[in-house]
Amino acid sequence: LTFSPMFSGRGFAFQRKQQIERQYRKLLKKRRKVPSQQDDQFTDTYPEHLKHLYLAEEEMLKKRRRAPDASVLSEEKLNKAEESVMTEGRSKKKTSNQKAKEEYEKIQAERARKKEEAEKRKQQREEAQRLYKQKKMEAYKIFSKKTKKGQPNLNLQMEFLLQKIQQNT
């Protein structure tokens, strides 16, 4: 078999099938010239692993002889079915490149998720620290207030401690 652009994108089995079809057509032309040969002459000599292909081809050729218009339609349907089977097979079996891409995307998604979680934790920690500093600053302002004579303002301190006790209970 030689590479042909007509067969690009199709598998080895398809090319083999096309080659078998061509050989079979040649044999049919020879049979028409020599009418004494039987139709089922080659069925016994088929290799076991290709036997189903030969038998299917024979049935298809018999159908073509019966109805030429219907055979064109059936051949188109068969070609479409073969192409869909080939594309399904390709989508099921992933190439190593596709597997590597998927693995890479999974790793990237995992890293992004971890980064977001770390960012959330960092923001929560910063918010907690800001609230803590704010409360400390309020307490410091209250405890550092002085009277006109420079004495600590115990009245404000007692109110602050009372509020703190009430919040805890």
A.B. asks: Rounded at 0.5 Å granularity, tell me how far OH in Tyr54 sits from CD in Glu57.
C.D. replies: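 If I round to the nearest 0.5 Å, the distance is 10.0 Å.
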A.B. asks: Under the side chain to side chain contact (heavy atoms under 4.5 Å, CB included) rule, what do Gln134 and Leu131 come out as? Steps first, then yes or no, please.
C.D. replies: CA-CA 5 Å; Gln134 187 179 356; Leu131 288 172; 4.0 Å; yes
A.B. asks: I need the full list of ring-ring contact (aromatic ring centres under 6.0 Å, His included) pairs touching residues 98-127, with sequence neighbours left out, sorted by first then second residue.
C.D. replies: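 Every pair satisfying ring-ring contact (aromatic ring centres under 6.0 Å, His included) with a residue in residues 98-127: there are none.
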A.B. asks: Side-chain contact test, heavy atoms from C-beta onward, threshold under 4.5 Å: evaluate it for Gln23 versus Lys26 and give yes or no.
C.D. replies: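 Not touching, per the 4.5 Å side-chain cut-off.
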A.B. asks: First locate atom CD of Gln123, then atom NZ of Lys120, and finally report the distance between them rounded to the nearest 0.5 Å.
C.D. replies: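 Rounded to the nearest 0.5 Å, the CD-NZ separation comes to 9.5 Å.
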A.B. asks: Give every residue pair that meets the salt bridge (charged side-chain N to carboxylate O under 4.0 Å, His left out) criterion with at least one member in residues 98-108, sequence neighbours excluded.
C.D. replies: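 Sorted pair list: Lys94-Glu102.
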A.B. asks: Side chains of residues 149-161: which donor-acceptor pairs under 3.5 Å do they make with residues two or more places apart or in other chains?
C.D. replies:
residue, atom, partner, partner atom, Å
Asn153, OD1, Asn155, N, 3.3
Gln157, NE2, Phe143, O, 3.4

A.B. asks: Considering residues at least two apart in sequence or located in another chain, which fulfil the side chain to side chain donor-acceptor pair (under 3.5 Å) criterion with Tyr132?
C.D. replies: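 So Tyr132 forms no side chain to side chain donor-acceptor pair (under 3.5 Å) with any residue.
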A.B. asks: Going through the checks in order, is the side chain to side chain contact (heavy atoms under 4.5 Å, CB included) test met by Arg125 and Lys122?
C.D. replies: CA-CA 5 Å; Arg125 187 169 52 246; Lys122 185 179 177 183; 4.0 Å; yes
A.B. asks: Using atom types as modelled, flag every donor-acceptor pair under 3.5 Å from a side chain in residues 162-169 to any protein atom, sequence neighbours excluded.
C.D. replies:
residue, atom, partner, partner atom, Å
Asn168, ND2, Lys164, O, 3.4
Thr169, OG1, Ile165, O, 3.2
Thr169, OG1, Gln166, O, 3.4

A.B. asks: To the nearest 0.5 Å, tell me how far Leu28 CG sits from Glu58 CD.
C.D. replies: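 Those atoms lie 8.5 Å apart.
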A.B. asks: Could you list the residues that satisfy side chain to side chain donor-acceptor pair (under 3.5 Å) with Glu127, not counting sequence neighbours?
C.D. replies: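 Partners of Glu127 under the side chain to side chain donor-acceptor pair (under 3.5 Å) test: Arg130.
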A.B. asks: What residue pairs, at least two apart or across chains, pass side-chain hydrogen bond (donor to acceptor under 3.5 Å, both in side chains) with a residue in residues 135-144?
C.D. replies: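 Pairs touching residues 135-144 that pass the test: none.
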A.B. asks: Do Arg16 and Gln19 have a side chain donor and acceptor closer than 3.5 Å?
C.D. replies: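 Judged by distance alone, the side chains do pair up.
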A.B. asks: Throw together a table of side-chain donor-acceptor distances under 3.5 angstrom for residues 109-117, partners on residues two or more places apart or in other chains.
C.D. replies:
residue, atom, partner, partner atom, Å
Glu110, OE1, Arg113, NH2, 3.4
Glu110, OE2, Arg113, NH2, 2.3
Arg113, NH1, Glu117, OE2, 2.7

A.B. asks: Could you state the interatomic distance from OG1 (Thr95) to CD (Gln98), rounded to the nearest 0.5 Å?
C.D. replies: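 Taking OG1 in Thr95 and CD in Gln98, the distance rounds to 3.5 Å.
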